[in-house]
Peer 1: 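Take this structure first; my questions come after.
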Amino acid sequence: MNRLEIDLKKLEHNFVTLKSLLNKNTKIIGVVKADAYGGGQFEIVEKLISLGIDTLAVGYTAEGLNLRKLNIKVPIIVFYPQLLNLTEIVKNKLEPSLYSKKTWASFKKIIEEEKIKNYPVHIKYNTGLNRLGFSYDDTIWVRQEIKNSPFIIKSIYSHLGESEAPKPNKACKNQITTFEKIKMSHKEDRDREIDFHILNTSGVFNYPNFQYDAVRIGIGFHGYANNFDWDKKLKPIAKLKSIITQIHNVKKGDLVGYNSGWKAPKDTRIGVLPIGHADGISRGYSSSNAWVNVNGMKAYIVGNICMDMLMIEIGDIFCNEGDVVEIFGELNSANDFSKKNKTISYELITGVGPRIKRVFLS
Ligand SMILES: *Cc1c(COP(=O)(O)O)cnc(C)c1O
């Protein structure tokens, strides 16, 4: 019934397009957190590796562990390790990003106790997003620590807060200026071949001059770049499909769904789809002007979304029980659909629930 179709050929198209925007020597870090943006970690990782990606990144330790269990051997950066996970990181040869004096000291202690030399780590600086990261003022401390640490510093990086915003953008500019200063102060540590990076997908389009040594791409592989013109260069890889379970004829004034969420303004037809808020179609889409694609026609979601189902008005659209319905995909991108719930493609695609089968086209 429901399925999330993932087209790996389109993933390849996106990879090739993004790569064409990069300088010859810029490395790509494949960001596959949150089950590869909801698309299915294993298949997407396999495809990325077959395309030549040699470093992956996840959000949390358990995600990296999963990849190791699936026998993925390439370096895996853990962007946001928690103190409690540091032992597991070492056991599974994951590469932590160290973002505070505390994470640094704790990880150093573990590595020294294990008598390991040259353990690969990444250093994260906060340059203005004010999420995780060392601050610019910590640079002296970090430099001192690098000198007598059991680590190999593979990269030093930061993250932009609004890389998709039209230029000139003051916040991004300030972040990049701070990152430049950080990079300068680490100049003498550079004989260790540290990679510097600050760009995500939108950054690749918006700030091509600041690729440094690597870029970190996630959403771009899925066909989105947070801007109408950039999106046009990419192809959405995922289509969320459902079917019409039952059709009702309703009369003007009839009520549809929980809490009388919708009252038919005229005699019409209602289709019931077996997908609900437990599957990632948030209750926010209830009577929200959001539509799904029924045989090429727009059918609007009516009434309150239930846990397991939702209702659409099909009116006189030619369709039958059992017909396939596309919730988002080609005609209706995840980007456009998500706007109806005042959110973004990232939230919609990573929220597609575990009950929905992932089907891969290659
Ligand atoms: C998720 C994430 C990315 C990927 O961003 P996209 O916009 O999906 O390309 C890059 N860097 C960091 C630190 C992230 O957390």
Side-chain angles (χ1 to χ4, degrees), residues 11 14-15 17-19 21-22 26-39 41 44-45 48 53 55-64 67 75-82 94-100 103 121-134 154-165 169 171-172 175-176 179 182 195-208 210-227 230-231 233-238 333-335 338 343-351:
L11 174 60
N14 296 334
F15 173 85
T17 303
L18 288 156
K19 195 158 169 74
L21 299 171
L22 300 177
T26 306
K27 299 173 192 169
I28 302 178
I29 296 165
V31 182
V32 293
K33 56 195 180 187
D35 199 29
Y37 289 57
Q41 208 184 29
I44 288 183
V45 160
L48 290 177
I53 293 236
T55 303
L56 299 168
V58 293
Y60 294 107
T61 306
E63 300 177 291
L67 286 174
I76 299 171
I77 305 170
V78 179
F79 279 149
Y80 314 117
Q82 309 292 307
L94 302 170
E95 301 181 358
S97 104
L98 303 176
Y99 50 80
S100 62
T103 50
V121 301
H122 304 258
I123 300 173
K124 169 80 172 287
Y125 275 98
N126 166 33
T127 52
L129 181 60
N130 287 314
R131 216 169 57 175
L132 296 181
F134 284 103
K154 281 185 74 178
S155 83
I156 293 177
Y157 75 103
S158 189
H159 192 45
L160 296 173
E162 44 186 319
S163 60
E164 69 277 18
N169 178 276
C172 278
Q175 283 196 268
I176 290 171
F179 193 60
I182 291 165
D195 284 343
F196 286 80
H197 45 97
I198 196 167
L199 300 183
N200 66 339
T201 299
S202 302
V204 168
F205 286 92
N206 217 3
Y207 295 95
F210 296 97
Q211 291 172 24
Y212 301 106
D213 305 299
V215 295
R216 307 183 301 271
I217 295 180
I219 198 88
F221 292 137
H222 299 264
Y224 300 102
N226 308 311
N227 168 290
W230 309 334
D231 283 359
K233 300 200 164 87
L234 305 171
K235 295 182 180 171
I237 67 168
S333 76
N335 192 32
S338 64
T343 182
I344 53 176
S345 58
Y346 294 81
E347 184 178 354
L348 180 61
I349 64 176
T350 59

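Residue numbers run from 1 in the order of the sequence given. Counting starts at 1 for both ligands and their atoms, in listed order.
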Peer 1: Identify, with sequence neighbours excluded, every residue that meets side chain to side chain donor-acceptor pair (under 3.5 Å) alongside Tyr99.
Peer 2: none
Peer 1: Are side-chain heavy atoms of Tyr346 and Asn226 found at a separation under 4.5 Å?
Peer 2: yes
Peer 1: Is there a side-chain contact between Phe134 and Ile182 (heavy atoms, below 4.5 Å)?
Peer 2: no
Peer 1: Strictly under 4.0 angstrom, heavy-atom based: which residues surround ligand 1?
Peer 2: Val31, Lys33, Tyr37, Phe79, Tyr80, Arg131, His159, Asn200, Thr201, Arg216, Ile217, Gly218, Ile219, Tyr346
Peer 1: Using the side chain to side chain donor-acceptor pair (under 3.5 Å) criterion, which residues pair with Gln211? Sequence neighbours excluded.
Peer 2: Asn23, Thr26
Peer 1: Mind checking what makes side-chain contact (heavy atoms from CB on, under 4.5 Å) contact with Ser333, not counting sequence neighbours?
Peer 2: Tyr224, Asn335, Asp336
Peer 1: Are Phe179 and Phe210 an aromatic pair by the rule of ring centers under 6.0 Å?
Peer 2: no
